[in-house]
Amino acid sequence: MANSNGYTAEIMRVYRGTCIHSTQHTAVEILEDALLGVDVKGKIAFIEKDSELDGLSEKFGFSPSEITQLAQHEFFMPGMVDTHIHASQYSYAGTALDMPLMQWLCTYTFPVESRFKDLEFAQRVYTKVVKRTLRNGTTTACYHATIHTDATLLLGQIANDLGQRALVGKVCMDRNNPAKYYKETCQESQEETCRFIAELLDKKYPLVKPVVTPRFAPTCTGALLGQLGAIAKNNNLHIQSHISENAEEIKLVKDLFPESKSYTDVYHKHNLLTDKTVMAHGCHLTDEELTLFRETGTSLSHCPNSNISLCSGVLNVRNVLNHKVKLGLGTDVAGGYSASILDALRRALDSSKILTIQDPGHETLTFEEAFRIATLGGSQALSLDDQTGNFEVGKDFDALRVNVTAPGGPIDLIQSDGPKILLEKFLNLGDDRNIVEVFVAGRKVVPFTEPKPE
Ligand SMILES: Nc1nc2[nH]cnc2c(=O)[nH]1
Ligand SMILES: [Zn+2]
C-alpha cells in the first residue's frame, strides 16, 4: 500500500504495548497500548493508538494475529547513545583510578593502547566491548580506538558484524607522549587517517562511519590539528576529541598555544568545531566558550563517571543546557569505570545533586531530562538524530525492550505502578537483566545469535 509520497512500507513486525521516548518538547512521552510497525528496512513505519488497528492493518497489510504483544511490565524505549567511549581501554575498566588525568594517561593508558598493534589482542578486546555495550543497551557508540589503523578498521568490522551503530576513530597524536613505543609523526598521523577513512568508507557498512580523532590539544601539534580539520571538512566527517577536562590539562594548553584565547579557540582556529563535532568533558568551559560551542554547532559529551573517578571536575549540565549546546552522555571507559549508559545517567544525576548541595539555588537535573540526554540528546550530539534517538516515523528502529520485572533481575515491584514509575525504577535500579531485547535498525542484536555450526 502506497502512502501520499508513493512510498510502500512493507511491514516486517508490529508490536503492541507501552512505548516511552523523548521529543524536542517533552522529555518523557508515554504512549500506552501503542501499535508500532517496523518496515523491512528496519524503519519505524507507524506508531499509533491501538484504536487505529483496523485502518493500520488495512493500510499496511498485516493481520492482527501477527502482532507481538509486550507484557504488563514491559516497555520499549529508544536505544541509548554512548557519545564517548575508548574501546581500547576496556581491558582495564574498573581499575587504575588512583591518579589525575595526565599521570593516568602516561601510567596506564598509553602502555595498554600500544598493545593494539597486535590484531589478535585487538580482536579479543573489541569483540568484548561491543558485546558488553550492546547488552547494556548502547545501540549507538562513538569510539576512540588507538593510533593503529588496522586495529581500528577491525573495530569497525566488529561493530558492523554485531550490528551496533558506531562512529569509529583512529586516534591521532604527534607530540608530548613520553611513551616512545606509542608514537606517530605528524605525517604518519595524517596519512594513516586518510587510509583509515578511505578503507572504512570502502567497506560500505550501513551503520559504521569514521570519525576524525585528534586525541586532544596537548598531544597534537598545531600542524596536525590543522590537517585533521581540513580532512574532516573535505570529507564532511564527524570529529571527536577532549576538552577542558582538568585544570593541569588546561594550563598545558595555555602554554602550548599561547596565541589562542581559550582551549575552545585552539580547536576553532584549526577548523575542528563543526556541527558534526563532539567534545568530551568540558567541565571547566567558560560561558564564552559554551557560546562558541553553540555558534559552531559543536556538542558536548558529559562523562560524569570519569569526571569523578579521575577527580577532574563537575560539569554544570544546567548551564550547558541554558547555553543551548547539544549534549549527550559518555561512559569514557576506562576513565569512567562502567561501560553502561545507565551508570552514566545515574552519575549525571548525582553530579547535578552535588551542585545543588553546594548551591541550593541550582536547578537539579531531573530523571526525565537525564533520560532525554541518554537517548535523543546523544543522537543530536552525534548529528545522527535524523536516523535515531526516538520513535519518530521514518527513523530507524533502535530500541530496548525493557522488562522491569525480568526474572532474577534487580527490581521488585510492590504495587501496581504506572509506566512513568516503571521507567524511573528501571533508570535508577535496572541493569542488563532488564534489557531483554535490543534492536538496531530493526535487527535484533541482543540476545546474540551465535553463527550456526557448519
Ligand atoms: N578521560 C580521558 N581523557 C583524555 N584526554 C586525552 N586522552 C584521554 C583519555 O584517554 N581519557
Ligand atoms: Zn575520553
Side-chain angles (χ1 to χ4, degrees), residues 82-116 125 129 133 141-148 152 167-179 182-184 189 211-220 224-225 228 239-253 256 263 266-267 272 277-285 299-315 328-339 341 344 347 381-382:
D82 189 339
T83 58
H84 184 81
I85 171 166
H86 297 260
S88 50
Q89 296 172 14
Y90 184 59
S91 66
Y92 68 98
T95 69
L97 301 167
D98 56 343
M99 287 177 191
L101 175 66
M102 304 307 283
Q103 224 183 318
W104 176 86
L105 284 172
C106 294
T107 309
Y108 302 116
T109 305
F110 296 151
V112 171
E113 288 194 11
S114 74
R115 295 185 61 189
F116 284 75
V125 178
V129 70
T133 53
C142 186
Y143 286 116
H144 280 239
T146 61
I147 66 171
H148 311 97
T152 310
L167 297 175
V168 176
K170 175 225 164 304
V171 170
C172 297
M173 43 197 280
D174 69 337
R175 73 161 153 183
N176 279 336
N177 173 6
Y182 189 50
K183 262 209 168 96
E184 52 180 9
S189 192
V211 46
V212 173
T213 307
R215 177 166 217 125
F216 66 158
T219 59
C220 298
L224 179 57
L225 291 177
L228 295 176
I239 298 168
Q240 63 177 346
S241 192
H242 299 86
I243 196 164
S244 275
E245 182 174 355
N246 103 342
E248 185 188 0
E249 169 209 9
I250 296 165
K251 166 84 173 57
L252 187 54
V253 171
L256 290 170
Y263 198 159
V266 173
Y267 291 132
L272 289 162
T277 300
V278 58
M279 288 284 166
H281 304 285
C283 308
H284 306 285
L285 292 172
S299 54
L300 257 190
S301 173
H302 180 28
C303 306
N305 188 318
S306 172
N307 291 343
I308 296 165
S309 293
L310 301 185
C311 298
S312 300
V314 183
L315 177 70
L329 290 177
T331 57
D332 194 30
V333 164
Y337 56 77
S338 168
I341 286 292
R347 304 286 155 251
L382 299 181

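Quick note: residue numbers are just sequence positions, from 1. The basis for the numbers below is simple: all heavy atoms, side chains too, and nothing from hydrogens, waters or symmetry mates. Worth saying up front: this structure is predicted, and the values here are computed from it rather than measured. Both ligands and their constituent atoms are indexed starting at 1 by order of listing.
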- Near H281, which atoms of ligand 1 are under 4.0 Å from a heavy atom of that residue? 1 (N)

- Message: Can you tell me which N/O/S atom of H84 has the shortest distance to the Zn ion (ligand 2)?
- Response: NE2

- Message: For a quick check under 3.5 Å, do N246 and H281 share a side-chain donor-acceptor pair by atom type?
- Response: no

- H144 contact mode with ligand 1 (heavy-atom cut-off under 4.0 Å): neither

- Task: Return yes when at least one N/O/S atom of H242 is nearer than 2.8 Å to the Zn ion (ligand 2), and no when none is.
- Result: yes

- Residue portion contacting ligand 1 (non-hydrogen atoms closer than 4.0 Å) for W104: side chain

- Message: Is it the case that the side chain of T277 and the backbone of L272 share a donor-acceptor pair, with hydrogens and angles ignored and the cut-off at 3.5 Å?
- Response: yes

- Query: So among V211, I85, T213, which one has a side chain to side chain contact (heavy atoms under 4.5 Å, CB included) with H144?
  - Reply: T213

- In chain order, what residues pass the side-chain hydrogen bond (donor to acceptor under 3.5 Å, both in side chains) check against T331, with sequence neighbours excluded? D82

- Query: For atom 1 (N) of ligand 1, what is the nearest protein heavy atom, given as residue, atom name and distance?
  - Reply: D332 OD2, 2.7 Å

- Centroid separation H148 to Y182 less than 6.0 Å: yes

- Pull out every atom of ligand 1 sitting under 4.0 Å from any heavy atom of H86, numbered as shown with elements. 9 (C), 10 (O), 11 (N)

- Below 2.8 Å, any N, O or S contact between H144 and the Zn ion (ligand 2)? no

- Message: Checking a contact table here: which protein heavy atom is nearest atom 3 (N) of ligand 1, and how many Å away?
- Response: E245 OE1, 2.8 Å

- Note on the structure: Honestly, for T219 the part within reach of ligand 1 (heavy atoms, under 4.0 Å) is neither

- Message: Taking N, O or S atoms only and a limit of 2.8 Å, check whether D332 reaches the Zn ion (ligand 2).
- Response: yes

- Message: Hydrogens and angles aside, do Y92 and T109 bring a side-chain donor and acceptor to less than 3.5 Å of each other?
- Response: yes

- Item | Backbone N/O of G282 and side chain of S244: donor-acceptor pair under 3.5 Å | no

- Minimum side-chain heavy-atom gap Y108-M99 below 4.5 Å: yes

- Among the heavy atoms of E249, does any lie under 4.0 Å from an atom of ligand 1? no

- Item | Pairwise side-chain contact, M173 with I147, heavy-atom cut-off 4.5 Å (strictly under) | yes

- Looking at the Zn ion (ligand 2), is one of the N, O or S atoms of H86 less than 2.8 Å from it? yes

- Looking at atom 7 (N) of ligand 1, what's its closest protein heavy atom, distance included? R215 NE, 2.8 Å

- Which atoms of ligand 1 sit under 4.0 Å from any heavy atom of L101? 2 (C), 3 (N), 4 (C)

- Item | Option from L300, N307, I243, I250 for which side chain to side chain contact (heavy atoms under 4.5 Å, CB included) with C283 holds | N307

